[in-house]
Each structure stands twice: as C-alpha cells, then as structure tokens.
Amino acid sequence: MKRGKKAEEAATAEGENDTGSAPAKKGKSAKEPEAPILYDDPPDKMTSKDGREANTKITSWNVDGLRAWVKKNGLDWVREENPDILCLQETKCAEKDLPANITSMPEYPHKYWASSNEKGGYSGVAMLCKTEPLNVPYGIGKEEHDKEGRVITAEFPNFYLVTAYVPNSSKGLVRLDYRKTWDEDFKMYLSELDIQKPVVLCGDLNVAHQEIDLKNPKGNKKNAGFTPEEREGFSQLLEAGFVDSFRELYPEQTYAYTFWTYMMNSRAKNVGWRLDYFLLSSSLVPGLCDSKIRNKAMGSDHCPITLHIAV
C-alpha cells in the first residue's frame with residue numbers, strides 16, 4: 001500500500017510505520033542523516049528531597065515474551081541491577097510454561113504470576129519479591145479486565161505496589177472504547193487503594209502522555225498510545241492524586257524513551273516512546289530519590305525502568 005509522508009512519520013505504540021524521517025525528494029541528493037540524539041541515564045540519586053536515604057528499589061520491565069527474554073540473558077541484567085522487587089509485563093506465558101531459570105531464582109523467594117485465561121501467549125504480568133508481601137490480590141475486581149491477566153497488587157507495610165500491563169487500543173483503534181472503560185475502572189481501583197495506604201504503580205501504561213514523551217508526536221495523534229482519549233485518561237489519573245515520578249524529577253528532559261519498535265532501526269536512531277512509568281501517590285513524593293530509564297539494557301522492545309524511594 002502506498003504511503004504518504006504523514007504515514008511514513010507515524011509510529012503506533014505497537015510499532016507500526018515508525019520511521020523518523022520522510023524519504024528524500026527525487027532529483028535532489030539525499031542529505032546525510034542526522035546523528036541520533038540519545039538519552040544518557042544520569043548517575044542514580046539515592047537521597048530524597050526530605051533527606052532520607054533510599055531503602056526500596058523497584059524495577060519494572062515489559063519483556064515482550066518472558067521465555068524469549070530469558071534466552072536473551074534478561075536475568076543476567078536483573079542480577080546486576082539487583083532490585084528488591086522485580087515487576088514484569090507482557091510475559092506471554094502461562095505459569096505451567098515458565099522457564100526454570102526464573103521460577104528457581106533464589107534471590108526472589110516470593111514470586112507471583114498472572115496470565116490470560118482465554119488466550120495463550122498473550123498479556124501477562126509477574127512480580128518477584130525479596131521480602132514477602134502481606135497480601136497479593138490479582139486483577140482489579142472486574143472480570144472483563146481480570147481475565148486478561150494484567151494486574152498484580154502487593155501490599156507491604158507502608159505502601160501498595162501495583163504492576164500493570166494496560167490494554168493497547170490496537171491497530172485502527174479497535175479497542176479504544178474498551179481502553180477508555182479500563183482507564184476509568186483502573187483509576188477507581190487505584191484511588192480506593194490510596195485511601196488505605198500510599199500506592200506505587202509501575203508498568204507499561206501504553207500511553208505517551210505529552211508530546212515530549214515520544215519522538216514523532218505530530219504524526220501519531222490518531223494512533224494507539226497517543227490519542228487524545230488515552231492521554232486524557234492518564235491526565236485524570238494524575239488529577240486523582242498520582243505523580244509521574246520521572247517528570248517530577250526531570251520535567252523538561254527530552255529524548256527519554258522506554259519503547260522502540262523493532263522496525264526501521266528505531267532503537268539505534270532513538271525513535272521511541274515513553275510508555276513505561278512509575279506513578280506515586282502524592283504522599284510518597286517527598287521520599288522519591290530517583291526514577292531511572294535503563295535504556296542500554298537489551299532483550300526486549302522496551303527497556304527497564306527503576307525506582308529508588310524511601311518509604
């Protein structure tokens with residue numbers, strides 16, 4: 001199918017048509033491609049605004065298929081990073097099919113898995129903890145959402161940790177209406193938790209909130225992950241009392257992405273999206289030390305993100 005310039009510049013959250021530039025015009029010599037502007041993750045800050053030392057380290061990673069990620073040595077990186085809690089999304093793996101390399105990890109004696117009830121190799125999240133949580137519910141209490149295995153919540157003494165793989169609105173926005181329902185129900189779930197104790201939400205939230213959060217905002221306003229409806233859903237989550245930890249610390253930082261389609265050499269060119277987040281209840285922000293984008297870690301079309309916090 002013939003593509004116009006607009007389609008060439010577009011890049012959906014599922015990785016469609018993601019280039020960074022239009023083709024050279026006929027009759028003129030092509031310009032030398034510009035060197036990509038990369039994001040350099042700065043040294044970790046381990047002290048919070050209120051002077052406390054970080055005592056909790058959480059890593060989140062959309063692995064785009066856990067079995068393939070394990071084969072790509074993802075666990076070697078995890079052992080080097082050494083978080084207290086590891087959250088994974090898009091595992092695409094039923095519990096019975098999990099690789100022994102990860103189910104037997106002694107570093108994380110407390111492991112929790114959720115997968116789709118209806119589709120094999122679809123969705124799925126996991127949480128691996130060094131310390132046993134007080135309680136671990138699955139889903140958000142609504143069957144239409146929970147059957148896809150998208151949420152695990154762990155209750156700890158001072159906070160709740162929620163890991164989520166938010167539904168993609170899909171090609172042609174065929175699931176946008178469902179996504180809007182999800183956003184409202186998920187916000188209500190998180191708000192109810194927040195009444196009881198503060199919440200840390202991490203995962204692939206499948207939305208680039210602002211234009212600063214993706215390379216090609218102009219060409220993507222009608223594509224999954226950057227529609228006005230999805231961005232408004234994220235805004236409403238912030239209005240409900242949650243804070244984007246990365247933007248709290250780095251409000252003007254450009255070129256900081258967590259997802260790059262495998263097409264068109266997008267990662268090397270840093271044509272990406274910031275789809276992965278740590279959101280915090282506002283009461284936890286004084287203890288925020290750092291929110292990291294580990295963009296040099298390979299093994300998936302997403303990179304891991306890490307939170308340092310004093311709780």
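We use all heavy atoms of the structure for the numbers below, so side chains are in, but hydrogens, waters and symmetry mates are not.
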When you look at [atom1] of [X], are more than 12 heavy atoms from neighbouring residues, nucleotides or ligands closer to it than 6.0 Å?
X      : atom1 : value
Lys130 : NZ    : yes
Lys45  : NZ    : yes
Met46  : CE    : yes

Under 4.5 Å between any side-chain heavy atoms of [X] and [Y], yes or no?
X      : Y      : value
Leu205 : Leu279 : yes
Leu214 : Asn220 : yes
Phe226 : Trp273 : yes
Met105 : Leu75  : yes
Leu161 : Ile58  : yes
Pro286 : Lys49  : no
Val151 : Asp146 : no
Leu280 : Asp244 : no

Using the side chain to side chain donor-acceptor pair (under 3.5 Å) criterion, which residues pair with [X]? Sequence neighbours excluded.
X      : value
Glu232 : Gln236
Tyr250 : Asp290
Ser281 : Asp194
Asn135 : none

Please check: side-chain N/O of [X] versus main-chain N/O of [Y], any donor-acceptor pairing under 3.5 Å?
X      : Y      : answer
Asn206 : Leu275 : no
Ser116 : Gly120 : no
Tyr277 : Val207 : yes

Hydrophobic cluster membership, [X] vs [Y], 4.5 Å side-chain cutoff:
X      : Y      : result
Leu288 : Phe156 : yes
Val199 : Leu238 : yes
Leu190 : Ile140 : yes

key: ring-ring contact (aromatic ring centres under 6.0 Å, His included) partners of residues 84-137, not counting sequence neighbours, each pair once   =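 As it turns out, there is no ring-ring contact (aromatic ring centres under 6.0 Å, His included) pair with a partner in residues 84-137 once direct neighbours are skipped.
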request  = Scan for ring-ring contact (aromatic ring centres under 6.0 Å, His included) pairs involving residues 161-186, sequence neighbours excluded, and state none if there are none.
outcome  =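 As it turns out, the ring-ring contact (aromatic ring centres under 6.0 Å, His included) pairs with a partner in residues 161-186, which skip direct neighbours, are His145-Tyr178, His145-Trp182, Trp182-Phe186.
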Could I get the full list of salt bridge (Lys or Arg N to Asp or Glu O under 4.0 Å) partners for [X], not counting sequence neighbours?
X      : answer
Asp44  : Lys292, Arg294
Lys111 : none
Glu229 : none
Asp213 : Arg247, Arg274

Lys/Arg-Asp/Glu bridge criterion (N-O < 4.0 Å) met for Lys187, Asp183 =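 Result for this pair is no, no salt bridge flagged.
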query = Below 4.0 angstrom, N of the basic side chain to O of the carboxylate: do Glu148 and Arg150 qualify?
reply =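 So Glu148 pairs with Arg150 through a salt bridge.
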request  = Say whether Ser245 and Glu248, considering side chains only, have a donor N or O and an acceptor N or O under 3.5 Å apart.
outcome  =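 Their side chains do not contain a donor-acceptor pair, so the 3.5 Å distance test is not met.
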inquiry  = Applying ring pair (Phe, Tyr, Trp, His ring centres under 6.0 Å), can you list everything that pairs with His209, at least two apart in sequence or on another chain?
reply    =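 Applying ring pair (Phe, Tyr, Trp, His ring centres under 6.0 Å) to His209 gives Phe234.
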Atom pairs and distances, side-chain donor-acceptor, residues 61-70, under 3.5 Å, sequence neighbours left out:
residue : atom : partner : partner atom : Å
Trp61   : NE1  : His302  : O            : 2.9
Asn62   : OD1  : Asp64   : N            : 2.9
Asn62   : ND2  : Glu90   : OE1          : 3.0
Asn62   : ND2  : Asp204  : OD2          : 2.8
Asn62   : ND2  : His302  : NE2          : 3.4
Asp64   : OD1  : Lys92   : NZ           : 2.9
Arg67   : NH2  : Lys92   : O            : 3.1

query = Does the pair Cys289 and Ile309 meet the rule for a side chain to side chain contact (heavy atoms under 4.5 Å, CB included), with working shown?
reply = CA-CA 5 Å; Cys289 299; Ile309 191 168; 5.7 Å; no
